[in-house]
Structure formats: C-alpha cells, structure tokens
2 protein chains.
Amino acid sequence: MSIRKRHPDPRRLILDTALALFTRHGYFNCSVHDIRKTADISIGAIYHHFPSKESIAKALYDDLVSQMSGAISDVIENDQSLEERCRAVFCLLFELTEEQPDRMSFILHARHREFLPSEPPVCSARPFRLMRDLVKEGMDQGVLRPLDLTLASACLFGPPIRMIQLRLDGLIEEPLPLNLEPLFQAAWRSVAA
Amino acid sequence: MSIRKRHPDPRRLILDTALALFTRHGYFNCSVHDIRKTADISIGAIYHHFPSKESIAKALYDDLVSQMSGAISDVIENDQSLEERCRAVFCLLFELTEEQPDRMSFILHARHREFLPSEPPVCSARPFRLMRDLVKEGMDQGVLRPLDLTLASACLFGPPIRMIQLRLDGLIEEPLPLNLEPLFQAAWRSVAA
DNA sequence: GTCTATACACGGATAGAC
DNA sequence: GTCTATCCGTGTATAGAC
C-alpha cells in the first residue's frame, strides 16, 4: 500500500521525531498523531514500541541525560589541571549546543516536571552533579576560593548556561564556541583563588 | 444558591488563581474547570472576563513583566554607583523570589512560547534589557571591562538567575538574600575592570 | 455579570485484521 | 510488527436562562 520503506530502527525513528517535535512545538502541542505523520509510521507501530506518549518523553530524557553524563565524564576524567577540565566542560556544552540544539534544548529548557511529574528537577541530575563535583575538587585543591558549593557552581556554570539559553532562544547569532575563551576566563575569575 | 460571597474583583481573582495553578501544575495541566473550581466561580464568569484560556496567560505575562520592569527601573534610577545599582538588582530579584515565588517562576521558568506562540522569548523582554543597559553603562564608565555585551551580561546576571532557578526548583534550602553578598562579589569580580 | 448545561473537537489509547 | 478504524475521556468554548 504505502510507498515508504520500513525504517530499520523504528524505535530510534520515533524518538528522533518526537525530540524534534517536542523541542520545536512543546510536548503538549504535539499529538501522537503528529509524530505519526512526521515519522511516516502508524499509530499502531508507535504504541507497539512505547506504552504511552509520556513514556516516549521519559525514554528521550533518560537517553539524553545519560549521553550527556557520559560526555562530561569523558572530558573530566583525564589528567589535566582542574582549570583545563572546567574549560573542557564549557567547550563540550557549547559544541553540543551547536551540533545538537534539539537535544540540548530538551535537556535544558523543557519543564520536564510538567509532563514527567515523578522526575526530579534536571539540575539534580547527574550531569549537573558532575559539574558540582568538579567545583568541590577545585576548592579542596585550593585553586578555587572557599565558597558555598552551590553558590560557586552557580558562579562558574551560570554564565555558560545562560549563554546556551540565549543561543537556543535565538538571541545570540554567533556560534558559542567563538566566545569560549573570554567567557571561561570571566567565569573562572569569579571563583578562582 | 451558592454560599460564597461575590469577589469584589473577579478578574484579579481569576488571574491570581490561574497564576498559582499554572506555576504549580503547568499551563497544559490546568483546565479552565480547575480554575473554576479553585476560584469558586463559574465558567461563565471566567469567559465573561477573558475571551480564552490563552488570554489569561497573556494577561498574566504582561502584568508580571511590566511589574518587574517597574521594580527594576525604580532600583536603577537612583544616583548610586553602578556597582551599588547592580547589587540592588540582585537584591530585588532575590527578594521577589522569596516573596512571590509564583510570579518569579511564571516569568523565569515558564516556556511561554509553548502557549503564547506569538510572544518573543522572555529574555528579550524589558526587564532583561534593563539589566543589559546597566552593563553597557558600566563599560562606558570604565568600571566594567570591555567585553561583548551579551557575554558580560551573562557573566554578571547568569549566576543570580541560576541561583533563582535552583531555589525555585527546591534545590536550595536557605533564602537567597542570605547569599547576596558573596554571590554578588563573585559575579561582579568576573566583569569588573 | 453570573450561572448551568451542553456542543464539539481533539488527543491518547485500544481492537483486531493482516 | 505494522496497519486502519474507532472508542471515549477531557477540555475549550458557547448558548441562553436568570
């Protein structure tokens, strides 16, 4: 009947489509029928792979958080100086924003608690904890001033996160990595010993 | 019939109720019937005062943005030093967060574009422009280092905004004003000349 | 201006054939 | 595993009495 070829990995197709639609229009503005149309697949197929619309969002969320955790861990777990590792995290976040804005947007922007009520706030998720741990380590080493941990994390990572939000909202024109160096230096200076 | 007294200002009642429900459960998780129930008013009354659910959100948004603009303007338009005025903005934001978390949350957190599609992103709204202007002035005066304006704004106001988000998400226990001084000093140091 | 009752569309989810 | 057709609850909005 239909001309379309079967997708080799329908689950992936559904997730990718949902991610694009969710970030562009918002979870509640996308019906499962929209996903069906965009992915050129049937409702039945979707509900075969996922029990509910919410479970699609949940799967996306879990995937993305764990990918991001992995990426950050990789960057952190080398033997460079703490400052270098922090800069590398900035760099990673900026590159992810440019290369996969939908993913970044879904993680950062989406108010997950509105559609994943049982999920704790993003900022308590692993990627953010890793950044916090980095700050802790810096204080223990003495390269960062002794400050409240949350406060110091906000000072160091608040600026790049804000830049990312602005970029995703279309309020910054140039790619973020162009501003990496001055931004990092300014943010670092706010907490450096 | 009903025991309830007529509210003197039903429009206000509707807006206040909607704000509370929207911030707590999210715009799309609240039906007009929920507002009706909570406000102890009839659907008819609601639709008498507002043409649509969306228009309630729009009215709320406009009110809050203009209140916030006013508050920031007041704080900025005195003759203190630029540093003092920036500190005062931090202070204002923190106090608003404590005293009117719903309002702050609605302005900062809500993804307005999901339900107010024609609205530009919050961060291009007047309150944020005022903060940016402040940074501009600081550079012109030479008290702030010459940096890209957006970048410097993110460095100065990114940290407090992040603290507010964390506080609203329940990830910070203590009232924000307690941390005003160390936070301001750290953020200021990142851009000070 | 406020009320109740109701229209009507939409969206999530299911049934059951292939 | 994928499809189409359909169910049914929910939610916005309207009608029309008071």
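If you're wondering where the values come from, they're calculated on a predicted model, not measured in any experiment. All values below come from the heavy atoms of this structure, side chains included, with hydrogens, waters and symmetry mates left out. Lettering follows sequence order; numbering is per chain, from 1.
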Exercise. Measure from the side-chain heavy atoms of B:Ser42 and tell me the nearest of C:dT2, C:dA13, D:dT2.
Key: C:dT2

Exercise. Kindly point out which of D:dT4, D:dC3, C:dA5 is positioned nearest to the side chain of A:Ala45?
Key: D:dC3

Taking 4.0 angstrom as the limit, do [X] and [Y] come out as a salt bridge?
{"X": "A:Arg24", "Y": "A:Asp102", "value": "yes"}
{"X": "B:Asp133", "Y": "B:Arg129", "value": "no"}
{"X": "B:Glu173", "Y": "B:Arg167", "value": "no"}

Atom-pair distance ([atom1] on [X]; [atom2] on [N]), nearest Å:
{"X": "B:Phe22", "N": "D:dG11", "atom1": "CZ", "atom2": "P", "result": "13 Å"}
{"X": "A:His7", "N": "D:dC3", "atom1": "NE2", "atom2": "C1'", "result": "18 Å"}
{"X": "B:Tyr47", "N": "D:dA13", "atom1": "OH", "atom2": "P", "result": "4 Å"}
{"X": "A:Arg11", "N": "D:dG1", "atom1": "CZ", "atom2": "P", "result": "12 Å"}
{"X": "A:Ile46", "N": "D:dT4", "atom1": "CD1", "atom2": "P", "result": "12 Å"}
{"X": "A:Ile41", "N": "D:dG1", "atom1": "CD1", "atom2": "C1'", "result": "10 Å"}
{"X": "A:Phe50", "N": "C:dT14", "atom1": "CZ", "atom2": "P", "result": "15 Å"}

Quiz prompt | Residues within residues 23-38 of chain B bordering DNA chain D, heavy-atom distance below 4.0 Å | solution = B:Cys30, B:Ser31, B:Val32, B:His33

Self-check item: Residue-level proximity of residues 51-62 of chain B to DNA chain D when a heavy atom falls under 4.0 Å
Solution: B:Ser52, B:Lys53

Quiz item: Are A:Phe28 and B:Phe115 an aromatic pair by the rule of ring centers under 6.0 Å?
Solution: no

Practice problem: Tell me whether the OP1 or OP2 atom of C:dT2 has a side-chain N or O from B:His49 closer than 4.0 Å. | Solution: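 It does, given that an N or O in the side chain of B:His49 lies less than 4.0 Å from OP1 or OP2 of C:dT2.
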
Quiz item: Distance check: side-chain N/O of A:His48 vs OP1/OP2 of D:dT2, anything under 4.0 Å?
Solution: no

Exercise. Find out whether the Lys NZ or Arg CZ of B:Lys53 is both under 6.0 angstrom from the six-membered ring centre of B:Tyr27 and within 45° of the ring's axis.
Key: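 Checked: cation-pi criterion met.
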
Quiz item: Does the side chain of A:Thr23 pick up a donor-acceptor pair with the side chain of A:Arg103 at under 3.5 Å?
Solution: no

Quiz item: Considering residues at least two apart in sequence or located in another chain, which fulfil the side chain to side chain donor-acceptor pair (under 3.5 Å) criterion with B:Asp140?
Solution: B:Lys136

Quiz prompt | Contact check, side chains of A:Ile35 and A:Ile41, non-hydrogen atoms, under 4.5 Å | solution = no

Exercise. Assign the ring pair A:Phe106 / A:His112 to parallel, tilted or perpendicular, where the plane angle (0 to 90°) is split at 30° and 60°.
Key: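 Perpendicular.
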
